[in-house]
There are 2 protein chains.
Amino acid sequence: MGRRDHPTAEELYLSLREKGEEISLATVYRSLRSLAEEGRVATLPLSPADRFDPETHPHYHFHCLHCHRVFDLDLPYKPELDQTIEALGFSVHHHTLVFHGLCPACKKEV
Amino acid sequence: MGRRDHPTAEELYLSLREKGEEISLATVYRSLRSLAEEGRVATLPLSPADRFDPETHPHYHFHCLHCHRVFDLDLPYKPELDQTIEALGFSVHHHTLVFHGLCPACKKEV
DNA sequence: TTCAGTGCAAACCGTTTGCACTGGG
DNA sequence: CCCAGTGCAAACGGTTTGCACTGAA
């Protein structure tokens, strides 16, 4: 819950094991799924593996095409977008805005 | 290329076979991948399966949580968002905005 | 005694790939 | 004759699940 780096299920599993936590990968997946169902973590469906975020207040992300890290963006959430879509006849639950490109570190590298 | 319904690779494969096209699923995947690399189709990385869109001009999508259909949205693309993120030090390739909820048909049903 | 939670391994599913083949140039 | 494109089946990687077990209530 303290992590701000949007780990995948496997990354979470490995870091728990490194800490001496005796947990199986299946339990990590099951726990993440129930936490997501309870709304206590957010799931970011990214390729190749989903990433998890304990910050459930809506916010936007940057996904680096090179290192595959995910960054939280300091860009205000825009609820008015949902209203625009509702006006078209849809019932909007939420929206996801993901920017794809190179993060500052990878940008320098290339 | 004529389709506006964002089929998955498998949906595409099945409809081609129904038309009498003798093609394998592997070839569908390989063709979609090279078309995507050439920029002739766009890939929408959605769960559980990627969807493909011959419309490559940037635009936004609605993903129905109930019937899983994907709709093109008549909402103007906002390139200025990329500039906001570039100002934070990122190099933005593109961004994806997907609304999740119930489409007009499923909204009535429930 | 019960049963929610767990570990393990197998299954699952979308996708990719190795390999042999083939047919057009 | 060559090789880009194909079919087939196996492999792959992320995720889920069946089943037996366990330990707290």
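Just so it is clear: chains get the letters A, B, ... in the order the sequence lines come, proteins before strands, and each one is counted from 1.
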N/O donor-acceptor pairs under 3.5 Å from side chains in residues 84-91 of chain B, not counting sequence neighbours:
| unit_1 | atom_1 | unit_2 | atom_2 | d |
| --- | --- | --- | --- | --- |
| B:T84 | OG1 | B:E80 | O | 3.1 |
| B:E86 | OE2 | B:V92 | N | 3.1 |

Expressed as a whole number of angstroms, how long is the span from A:I23:CD1 to D:dT22:C1'?
16 Å

Rounded to whole Å, please give me the gap between CD in A:E22 and P in D:dG23.
12 Å

Taken to the nearest whole Å, CG/A:L46 to C1'/D:dG13 is 16 Å

Show me, pair by pair, the donor-acceptor contacts under 3.5 angstrom made by side chains of residues 96-104 of chain A, not counting sequence neighbours?
| unit_1 | atom_1 | unit_2 | atom_2 | d |
| --- | --- | --- | --- | --- |
| A:T96 | OG1 | B:V98 | O | 3.4 |
| A:T96 | OG1 | B:H100 | NE2 | 3.2 |
| A:H100 | NE2 | B:T96 | OG1 | 3.2 |

OH on B:Y29 to OG on B:S31, rounded to 0.5 Å
12.5 Å

Contact string for nucleotides 11-25 of chain C, one letter per nucleotide 5' to 3', B = base within protein heavy-atom range under 4.0 Å, S = sugar-phosphate only, - = neither, reads ---SBBBB-------

Taking atom P of D:dT6 as reference, at what distance in whole Å does atom CG of B:L16 sit?
12 Å

Below 3.5 Å, can you tabulate the donor-acceptor pairs from side chains in residues 46-55 of chain A to any protein atom, sequence neighbours excluded?
| unit_1 | atom_1 | unit_2 | atom_2 | d |
| --- | --- | --- | --- | --- |
| A:R51 | NH1 | A:H6 | O | 2.8 |
| A:R51 | NH2 | A:H68 | O | 3.1 |
| A:D53 | OD1 | A:E55 | N | 2.9 |
| A:D53 | OD2 | A:H6 | NE2 | 3.2 |
| A:D53 | OD2 | A:H59 | NE2 | 3.0 |
| A:D53 | OD2 | A:H61 | NE2 | 3.1 |
| A:E55 | OE2 | A:H57 | N | 2.9 |
| A:E55 | OE2 | A:H57 | ND1 | 2.6 |

Residues 13-21 of chain A, side-chain donor-acceptor partners within the protein, below 3.5 Å, at least two apart:
| unit_1 | atom_1 | unit_2 | atom_2 | d |
| --- | --- | --- | --- | --- |
| A:S15 | OG | A:R3 | NH1 | 2.8 |
| A:S15 | OG | A:E11 | O | 3.3 |
| A:S15 | OG | A:L12 | O | 3.2 |
| A:R17 | NH1 | A:I23 | O | 2.9 |

In whole Å, what is the span from the CZ atom of A:R17 to the C1' atom of C:dG7?
10 Å

Can you identify which nucleotide, out of C:dG7, C:dT6, D:dT6, has its nearest atom closest to the A:S24 side chain?
C:dG7

With a cutoff of under 4.5 Å between side-chain heavy atoms, which Ile, Leu, Val, Met, Phe, Trp and Tyr residues group with B:L65?
none

